[in-house]
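Written below as structure tokens is the structure these notes are about.
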Number of protein chains: 2
Amino acid sequence: MKKMADGGASTLERRSGVAIWRQIADDIRHGIARGTFDEGGRLPPETALAERFGVNRHTVRSAIAALVHEGVLRSEQGRGTFIERRKRLSYPIGARTRFSDGLRDQTSARRGHLLDHAVEGANPRVAAALGLAEGAAVIRMETMSEADGRPVSRATSWFDAARFPGFAEAYAETGSITLAFKRFGVGDYFRKSTLVSARHADNADLDDLHLAPGAIVLVAVALNVDDAGTPVQFAETRFAADRVELSVATEARNER
Amino acid sequence: MKKMADGGASTLERRSGVAIWRQIADDIRHGIARGTFDEGGRLPPETALAERFGVNRHTVRSAIAALVHEGVLRSEQGRGTFIERRKRLSYPIGARTRFSDGLRDQTSARRGHLLDHAVEGANPRVAAALGLAEGAAVIRMETMSEADGRPVSRATSWFDAARFPGFAEAYAETGSITLAFKRFGVGDYFRKSTLVSARHADNADLDDLHLAPGAIVLVAVALNVDDAGTPVQFAETRFAADRVELSVATEARNER
DNA sequence: AAACATTTGTGCGTATGTATG
DNA sequence: TCATACATACGCACAAATGTT
């Protein structure tokens, strides 16, 4: 009989290039997000975890130390180890998705930053997406968003520099992609497509999103178009996978 | 100036619990999927890679060995190292997504397997999704799909046992969810919602999808409903993140 | 207050894995 | 292949903090 999807402790892999303590840390983090450790927000004692995973207590302690550093757990001598952060944010994706919307109801505080911007020649990928010639001038914007004081996503966006000169400045002033578009006469825009993939966080992600090495980022590559169907924004957003999930709502339409 | 999104070699992290050779392997695999090594399907010489990553050639060789073992690369004495597998499959998600459709155009051979099935009591998560009472009898189906001889996804599905008695057998006979539903009078069904997240592969995933420890799975939790909007299938699908990306197509509709 | 159980924190010695040259 | 340095994992022991009897 195959193991069930809601299943228990997984066996650990030695000589895999991934340290046992890190595999255990990932397992515990996953279990927390899933609600496996729901006994009063308290993690089982180190000795119990060591036995469950079949490792030395030191190894469990290394895993816990990593999660404490991430802000997932908090240890108190003599009392135990407690869960600090539990749930993931759910980020909606749909035809009318705005990168600045969506998380509003779920968090008390949410902010977006413009980290950097520049005008440069479009590489083949960007040119193809925006329907421009390779090397055409595009504006690249590096932005970040936070929720409840923790970084959530990190995005790189490209815009046609000929059509939207000074877009980054408009975004910096208004703090909103939608408002910045309005300045250029784009009253409405739609999400045409989104490609979702996942990979290990690279060094820039680790830095920007405050992640531990080996962490995972969800990558959403999106194309926004205006009323006429002309591409206006191409964006690659990296989400911290342990803090965010993407929600694809497909309203049932009566087509056939 | 911040690093560009299409950027080059990321710095490697020591003491991170993830061996340098594995970080390099992940980086190379990611680069291949992204098309960075497009010089005739040939990987740069080990010495060049060692210099690029700033490590010893032994370490690069460990990374390459792991990727050869995974089937991503192939080394030939005196000739070089070559790329075996290149692109990711793009898996569409939309209102009319079928788990058995979608990849048809992209691969030569595609198959689905029923690994296991059982009738059991619905846990709170499943019960809530299917709109049943907790503990109500549900059919759990464990399935797997392959493309071009390599495992692509691994799914766990739940169905109302009272409404669909013997669903697993119907699926096994027809090889199709759609046809199995037809037997129970469900002529059409829709994807109502999909939650996408990512995590490290657990031991069951590693085994089923032939992944290396530390690998990533994309997790899609989906709810299918019938014409009347009644939930008929709740499913959690795990995709090998280095072989699959999810594509969310949101056709521009003229709603406002 | 004192004794005890529980739990986290620390030190040390050893074997193996990882990375360099 | 060999030698070297460091990281990882183990086993055992004990200290420190907390809570209970």
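Predicted model only: the values in this text are computed from it and were never measured. The chains referred to below are lettered A, B, ... by the order of the sequence lines, with proteins before strands, and numbering in each begins at 1.
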Sorted by position of nearest nucleotide on DNA chain C, 5' first, the leading residue of A19(B) and H58(A) is H58(A)

Using heavy atoms to find the nearest nucleotide of DNA chain C for R61(A) and G17(A) separately, return the residue whose nucleotide is more 5′.
R61(A)

Atom pair distance, as rounded to whole Å: [atom1] in [X] and [atom2] in [N]:
X      : N       : atom1 : atom2 : result
E46(A) : dC10(D) : CD    : P     : 14 Å
N56(B) : dA5(D)  : CG    : P     : 16 Å
I20(A) : dA7(D)  : CD1   : C1'   : 13 Å

Can a side-chain donor-acceptor contact be found between S153(A) and T237(A) if the only test is distance below 3.5 angstrom?
no

Please check if any side-chain donor atom of R22(A) sits under 3.5 Å from a side-chain acceptor atom of S62(A), or the reverse.
no

Do the side chain of R243(A) and the main chain of P151(A) share a donor and acceptor less than 3.5 angstrom apart?
yes

Between which nucleotides of DNA chain C, read 5' to 3', does contact with chain B run, using atoms under 4.0 Å from its heavy atoms?
dT18(C) to dG21(C)

Salt-bridged, R199(B) to D27(A), with N to O below 4.0 Å?
no

Test: E146(A) and R154(A) ion pair at under 4.0 Å:
no

Report all interatomic pairs (protein N or O, nucleotide N or O of nucleotides 14-21 of chain D) with separations under 3.5 Å.
| residue | atom | partner | partner atom | Å |
| --- | --- | --- | --- | --- |
| dA16(D) | N3 | Q77(A) | OE1 | 3.0 |
| dA17(D) | O4' | Q77(A) | OE1 | 3.4 |

Reckon T81(A) touches a base, only the sugar-phosphate, or nothing at all at heavy-atom distances under 4.0 Å?
sugar-phosphate

Assess whether atom CD of E84(A) is packed by more than 12 heavy atoms of other residues, nucleotides or ligands within 6.0 Å.
yes

Taking only residues two or more places apart in sequence, or in another chain, which ones meet E46(B) in a salt bridge (charged side-chain N to carboxylate O under 4.0 Å, His left out)?
R57(B), R61(B)

Could you tell me the separation between the CG atom of D26(B) and the CD1 atom of I216(B), rounded to the nearest 0.5 Å?
7.0 Å

